[in-house]
Number of protein chains: 2
Amino acid sequence: MKTSKTEQEILQAATELFLEKGFAATSTTDIANRVGCNQALVHYYFRTKENLVRQVFMTNLEQILNLLDQPLPEGLDFFGIADYYIDIYYNYILGRPTAPLMIINELLTNPERREMVREIFMKNLRRQLMYYNLDQALKQAIEKGLIRQIETLDLLIDIASLTLASFLIAPIYADLLQRDAEAQKEFIIHRREETKLLIRLRLMPQKI
Amino acid sequence: MKTSKTEQEILQAATELFLEKGFAATSTTDIANRVGCNQALVHYYFRTKENLVRQVFMTNLEQILNLLDQPLPEGLDFFGIADYYIDIYYNYILGRPTAPLMIINELLTNPERREMVREIFMKNLRRQLMYYNLDQALKQAIEKGLIRQIETLDLLIDIASLTLASFLIAPIYADLLQRDAEAQKEFIIHRREETKLLIRLRLMPQKI
DNA sequence: TGCTTATTTAATAAACTTATTAAACTTTAT
DNA sequence: ATAAAGTTTAATAAGTTTATTAAATAAGCA
């Protein structure tokens, strides 16, 4: 009763198409065509398109959230920790560059999805603990004058913003300046280093 | 032959719905229902849905690009100029918070739209001149040691990334922490100031 | 006024969408 | 080998979508 090969292929094709064109613009017929199977088979395995959408959405969202779930690396200062997380996120998204857009897009246009996110958050106590630990560690470092005053949430949003936007902008950059896929990847690597520099300067305890 | 009231109403309703639900999820029947007119009327004025989509897309994109088209304010140093542009963008998007998502979404999922963007760029020589002027001014300031070494494109992308992401994250933030619209606006204002601080620190000529 | 043009509507064609059903085909397990 | 369970297909119902058409209504003006 473990998921069959065809079922996986359908899920895979659905994921690809949803990421390429968005949920609304993808039909179950499109999915079947990509797999090379009958359209009814999509419904046999997942019954409704909504189930399929939900599954793809949840899987991708959980993957992204789980990246934060790893323990803080030992023996690194905050500059090192920031770099470490920036690398993790850039590397992850390099592998599936349109996933964040799909997530963001669904979250913004579909209120039900936001309910799902709260569920995921509430369910995972470990993640809440991680946030609490980071918050405490930051506060101590600030008190000791090791880093500049910053809210924990702002630091995370700064990193997330710069990372996310790199991947939204990269394909547009490549197309506009008529660059190839290789140049696009270089652009992202370059933006990763710029992100690290920005965050480093944000945290460095010098007076403005 | 100037655009009739009904035509404007249709365009307005289409814009609203496209921004709320996305292009694919909005039907011409939805648009007619919001206006309170017959569905055929939508096609009478715009013939195809694609024409309507194109027009809404182009209008919003041009508005966003035109924000950069204003002359550099006099008597400001680069820190002041950066703040000035950050304010302009935040204020604009505050008025139409989902416009950037629609633009980004279309650009990423629909290759034809990227062609449109190149057209717009190439057509507007003044914008190219603006970029050239900014580039020159930055290079001089760097040479004189007034600001830290930075590529012009990176500075613009830094600002755009932080601004854009604020608006993508704000509604999710509000929903997740169950805050109201007022708190969401405050969040964005707060992020605007964090953006200014980040950019300021990025430009300040201190050794890392 | 009456003629012309513009706007609006109802009706509908043609294509496409999701989902179900019954029948055919494969596997698997005894 | 064969019965049971699982997989796949063709056919199709029911609904939606875009777009067109012809007829009805309203405006503009000579």
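Note on naming: letters A, B, ... go to the chains in the order of the sequence lines (proteins, then strands), and numbering restarts at 1 for each one.
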I'd like to know whether NZ of A/Lys21 has more than 12 heavy-atom contacts from other residues, nucleotides or ligands below 6.0 angstrom. yes
Closest to the B/Tyr44 side chain: C/dT8, C/dT18, C/dT21? C/dT8
For the pair made of CD in A/Gln39 and C1' in D/dA13, what is the distance, rounded to whole Å? 13 Å
Check the distance between D/dA14's P and A/His43's NE2 and give it to me in whole angstrom. 17 Å
Rounding to a whole Å, what distance do you find between A/Phe23:CZ and C/dT18:P? 13 Å
Would you indicate whether A/Glu50, at its atom CD, is surrounded by more than 12 heavy atoms from other residues, nucleotides or ligands within a distance under 6.0 Å? yes
Report the distance from atom CG of A/Leu41 to atom P of C/dA24, rounded to the nearest whole Å. 18 Å
What is the distance from CD1 of A/Ile31 to P of C/dC16, rounded to the nearest Å? 17 Å
Got more than 12 heavy atoms from elsewhere within 6.0 Å of CD, B/Gln136? yes
Parallel under 30°, tilted from 30 to 60°, perpendicular over 60°: which one fits the rings of B/Tyr173 and B/Phe187? parallel
Can you figure out which of C/dT20, D/dT9, D/dT20 approaches the side chain of A/Cys37 most closely? D/dT9
Between A/Thr6 and D/dT8, is there a side-chain N or O to OP1/OP2 distance below 4.0 Å? yes
Just the rounded figure in Å: distance from P of D/dT7 to CD of A/Glu9. 13 Å
Close side-chain approach of B/Arg96 to B/Gln63, heavy-atom, < 4.5 Å: yes
Rounding to a whole Å, what distance do you find between A/Asn38:CG and D/dA10:P? 6 Å
DNA chain C nearest-nucleotide lookup for A/Arg47 and A/Asp30: closer to the 5′ end is A/Asp30
Check this one for me: any side-chain N or O of A/Tyr45 less than 4.0 Å away from OP1 or OP2 of D/dT8? yes
Rounded to whole Å, CG of A/Asn51 lies from C1' of C/dA19 at a distance of 12 Å
Verify the contact: side-chain N or O of B/Ser27 to OP1 or OP2 of D/dT16, cut-off strictly under 4.0 Å; return yes or no. no
